[in-house]
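We count residues from 1, following the sequence as given. Being a predicted model, the structure only gives us computed values, none of them experimental.
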Amino acid sequence: MHNQNPEQIARDNIDKQLVACGWIIQDKAKINLGAGIGVAIREYQTDAGPADYVLFINKKPVGVIEAKKEEEGIHLISVEDQSSEYASAKLKYLNNDPLPFVYESTGEITRFTDYRDPKPRSRNLFTFHKPETLIQWIKEERTLRARLFDIPELKTDGLRDCQIKAINKLENSFRENRPKALVQMATGSGKTFTAITFIYRLLKYAKAKRILFLVDTKNLGEQAEQEFMAYVPNDDNRKFTELYGVHRLKSGFIPTDNKVYISTIQRFYSILRGEELDEKAEETNPGEIKWDKREPIPVVYNPKVPLEFFDFVIIDECHRSIYNLWKQVLDYFDSFLIGLTATPDNRTFGFFNQNIVSEYTHEQAVADGVNVGFNVYQIETEITKKGSVIWKGEFVDHREKLTRKKRWEQLDEDKTYSNKQLDDDVVNPNQIRLIIKTFKEHLPEMFTERFDEHNVFEVPKTLIFAKTDSHADDIIQIVREEFAEENKFCKKITYNTDDPKGTLAQFRNDYHPRIAVTVDMIATGTDVKPLECLLFMRDVKSRNYFEQMKGRGTRTITLDDLRKVTPTAKFTKDHFVIVDAIGVTKSLKTDSRPLEKKPGVPLKDLLGAIAVGARDEDLFTTLAGRLARLDKQLTEKEKIVFAEKTGGKTISQVVNDLLNAFNPDVLDEVRQDIARKYVGEAPAFIDEKYNIQSSVLIENAASIFTGELNEYIEKVRKAHSQVIDHINPDKLLNVGWDKQNSEKAETLIQDFATWIDSNKDEITALQIFYGQPFRRRELTYKMIKDVYEKLKTDKPLLAPLHIWRAYEQLGQTNNGSPKNELIALVSLIRKISGIDTALTPYDKIVDKNFQDWVWKRHSGAGQKFSEEQMEWLRMMKDYVANSFHIDRDDFDLSPFNANGGLTKMWALFGEQTDEIINELNEALAA
């Protein structure tokens, strides 16, 4: 019979937890320390009084547990002195040293202090540690928290400043024994590389046992695995995976012989619950499942994965996957928690105790040249903005969403549709076509230099965000038609395509496809560095999700690598373009609220929630109602297929199972049956049996919702038709650069002018530009290069070509674009310093000055140049246009050395050689 006073209930719960963790519990009158590795003795006498539990490992005392009733949970911290006193006391019959491992517990809340730590501090635990763990800890000379002080100064070779700062501050956070830390780093700044670097240091120097790298989609897990495999530390020439085992979890089995484990958070939740997880449940991040699990099924202790299994847990994209149901995974482990994200919100800061070890924003990353910024190009059409109406009596196509099978029918009533219904209830191909056609026509305006030698425009790598798979198919067909291109030109990359990873690799590394269309697969967390254009044809309400989607375009790439997939690229990628065809840059954004309950939760999200372990009553009843409605819409053939996928259950039976799982009458009957079966047992025992049986009802109802059945339900539901509006033409309302681009351009130009002004007295080249005109002949290539290097160091965001494009956006350039950064720099300095009234590429100015100089020479009474001399002078002119100055030594270089060098110059011009060189230097720089 179970004792029911609060103290005994607490001890009963503590006993259960200790047994689950592998401890043998004995009364002080029946001590047998040889019964097992770990023995917990109740009420063991010490010289400070009886300790509630004394823990023995291999017959030696190592710790104590101070038990308190549940109501004392709020006072557990104040009990630390009492439990410490027992740990420091002498045990009866023994001359022991102070015991290092001290617990305080109510059976619901447990705190733990390891008094061997540098500054012993108690922490919350899910339950108790295993005896084997304490054996291992005793064998170690120093604790993990002590070993964190062994981590040496960071070698900074190959690391960016933002990565160095993040690692140093994080390691300092560890040394301060802060349990949680947040690393905020802009997309593209190397979060994963930073994480692998500090993981390597934790394993090598702090001797961390195991580290868990949590992601929220299978795709991100695969990417992380690839990055671990490619990583080579800067103090060793071996790859990370040659030094330490890395294992990505694909099932419920967890090997114990690796150092780094990669898993989705939903898989780990299922592991802790002792359940298998369908791989499809890992394809969508759980933050997008819009179901509020108000009563999440709690995780339970899993002896195969004890709470101390990992020393550190890193949570990638932590802003969207650490709340509600999933938070339990993080609360389970006795580990340091490190969050990685580019876009935290207030909840993220709160979860990580405001311990932000790195705040590196997109704006800072752009300013440092780690990321590139963006400009916005607007395409606004009438139907996109307002929707339309199809009048009664019109004959229109009705298309099944899934099979895309069409039927021709007459409307029996007016069909009015809003912009929100576009591409769901109604598809207007004219609207899609107008956007794509406008996009194609204006691409040369966005990327002015992308013409090949035959003056054919090359489409930059472009990603289009579609609303649904069906919408993506419509877009792809129209893109191929409007661009007059073949299949490989434009492809879909979603989870539902045959080989999404292969197509993604092609998009990243090959010339084709030029345009990819996605719904969600590469909306977040996927690198495609050559990507230069994002076309939004779907709106996004979440601020964080929008920032993540924009992040696809921010990656930097070298000119050589960019040219491998976009051969016409003339400059390093220094910005990307957002083409807003839906109003996404202007629509109201809110902080993301993953798992926030909303009216009209999509069926897909209900199925996704139950598949990954949500078990609350609202979910079951809502899903039952949706399935009951679906039952009325299905054909007999579809119902037969449904039954095949549920092991013979009809939809009606599935609905009943869902409802009965929480039906008060059914549950009351279960309780009565148990009471009859266990007459005379204590109420707590009856409650325990009832909880087990009611859980069986819930699990039986939920167990059929596997990936295969959920996919079928989704497909059947989507088989309903949508109206194809071929009748209403769309109309272009607005197209062009967003007006905010002009404001940004003016600010950039002003910042550049300010930098020039502040350095004009310090840098030799700038002194020359601001000095007397004749001094400009003194300019050399090295002088200009020095200005460029200082500008790049001081203000990476003010790269000359970036400033040039700012002038272009304001319509203030003349006669084309510069050939390279240095020519752009000289052109800009001439404009800022007032030498030129219009911004003109310096090589074009040199061409004009050369013509003037030759004309002046030929118009005088002196000797005119021969054609052979003119050919040589043109070579000198072209050399100055690129190198800004010429002198005798330059004739040893190309192209002069191949044409006779200084000797030939002397043969052509004789004693006028030096005069010609000086004249040209002065005239061309005028």
Side-chain angles (χ1 to χ4, degrees), residues 372 375 377 379 433-464 478-491 506-507 510-516 530-535 553 557-579 732 735-737 741 800-824 827 838-848 850-851 874-875 877-878 881-882 895:
V372 298
N375 293 322
Y377 198 89
I379 297 176
R433 191 173 299 279
L434 179 59
I435 290 172
I436 298 302
K437 187 174 183 179
T438 305
F439 171 65
K440 179 199 171 190
E441 289 173 353
H442 290 268
L443 263 175
E445 183 183 335
M446 304 174 216
F447 298 88
T448 54
E449 299 300 316
R450 294 300 168 82
F451 291 90
D452 64 16
E453 66 272 17
H454 306 296
N455 205 34
V456 176
F457 182 77
E458 181 177 64
V459 177
K461 287 280 186 175
T462 299
L463 181 62
I464 301 177
I478 291 173
V479 165
R480 290 171 178 173
E481 291 173 5
E482 288 301 320
F483 282 84
E485 285 290 353
E486 56 196 315
N487 291 348
K488 64 183 180 181
F489 177 82
C490 180
K491 289 188 175 183
Q506 289 176 352
F507 187 50
D510 300 343
Y511 186 79
H512 285 113
R514 300 308 299 167
I515 298 176
L531 188 58
E532 296 183 271
C533 187
L534 305 179
L535 171 53
I557 185 172
T558 65
L559 180 58
D560 287 343
D561 286 342
L562 180 57
R563 281 176 172 166
K564 290 174 184 175
V565 294
T566 304
T568 62
K570 293 181 175 60
F571 311 116
T572 301
K573 175 182 171 184
D574 64 0
H575 77 296
F576 68 100
V577 176
I578 291 176
V579 181
L732 191 63
V735 62
W737 292 110
N741 292 345
L801 286 172
H802 202 183
I803 305 303
W804 189 280
R805 290 198 179 89
Y807 274 103
E808 278 184 336
Q809 287 193 357
L810 297 176
Q812 295 179 12
T813 57
N814 184 38
N815 207 4
S817 299
K819 294 177 181 176
N820 57 47
E821 291 272 13
L822 294 186
I823 290 176
S827 310
L839 181 59
T840 306
Y842 183 63
D843 55 319
K844 301 295 196 312
I845 290 173
V846 169
D847 287 345
K848 176 70 168 58
F850 180 72
Q851 290 173 4
R874 288 188 195 101
M875 275 196 294
K877 179 263 296 183
D878 290 341
N882 288 285

Polar side-chain atom of K461 near backbone of P513 as donor-acceptor pair, under 3.5 Å: yes
CG-CD1 distance between L732 and I435, expressed to the nearest 0.5 angstrom: 9.5 Å
Residues in side chain to side chain donor-acceptor pair (under 3.5 Å) contact with R433, at least two apart in sequence or another chain: E481, E482
Side chain E808, main chain T813, donor-acceptor under 3.5 Å: no
Steps toward side chain to side chain contact (heavy atoms under 4.5 Å, CB included) verdict (I515, L535): CA-CA 10 Å; I515 298 176; L535 171 53; over 6 Å; no
With Q506 via side chain to side chain donor-acceptor pair (under 3.5 Å) - residues at least two apart: K491
Closest approach of F489 to H512 (non-hydrogen atoms, all atoms of both residues): CA-CD2, 3.8 Å
K819, NZ: over 12 other non-hydrogen atoms inside 6.0 angstrom: no
Contact summary for V372 and G553, nearest pair of heavy atoms: CG2-O, 3.7 Å
Partners passing ring pair (Phe, Tyr, Trp, His ring centres under 6.0 Å) against F447 (at least two apart in sequence or in another chain): none
Heavy-atom side-chain contact between L810 and W737 under 4.5 Å: no
Minimum heavy-atom distance between I845 and T840, given as atom pair plus value: CD1-O, 3.8 Å
Closest contact, heavy atoms only, E458 versus P567: OE2-CD, 3.0 Å
Validation row: V579, T462 side chains within 4.5 angstrom (heavy atoms): no
Atom pair CD1 (I478) and CG (L434), whose distance is rounded to the nearest 0.5 Å: 10.5 Å
Nearest-0.5 Å distance that lies between atom NE2 in H802 and atom CZ in F571: 13.5 Å
Ion pair check, R450 and E532, cut-off under 4.0 Å: yes
Nearest heavy-atom neighbours spanning V565 and P530: CG2-CB, 3.4 Å
Test side chain to side chain contact (heavy atoms under 4.5 Å, CB included) applied to V459 and K440, step by step: CA-CA 9 Å; V459 177; K440 179 199 171 190; over 6 Å; no
Gap separating the CG atom of L463 from the CZ atom of F507, nearest 0.5 angstrom: 5.5 Å
Donor-acceptor contact below 3.5 Å, side chain N882 vs main chain D878: yes
Side chain to side chain contact (heavy atoms under 4.5 Å, CB included) between M446 and F439, worked out: CA-CA 10 Å; M446 304 174 216; F439 171 65; 4.2 Å; yes
Donor-acceptor side-chain pairing of R805 and S817 below 3.5 angstrom: no
Flag, side chain of R480 to backbone of C490, donor-acceptor distance under 3.5 Å: yes
Distance in Å, C533 SG paired with N375 CG, rounded so as to fall on 0.5 Å steps: 11.0 Å
Parallel, tilted or perpendicular: rings of F451 and F457 (30°, 60°): perpendicular
Straight-line distance of I557 CD1 to D574 CG, nearest 0.5 Å: 13.0 Å
Note: K844-D847 ion pair, threshold 4.0 Å (strictly below): no
Exam field: side chain K573 to backbone L531, donor-acceptor pair closer than 3.5 Å: yes
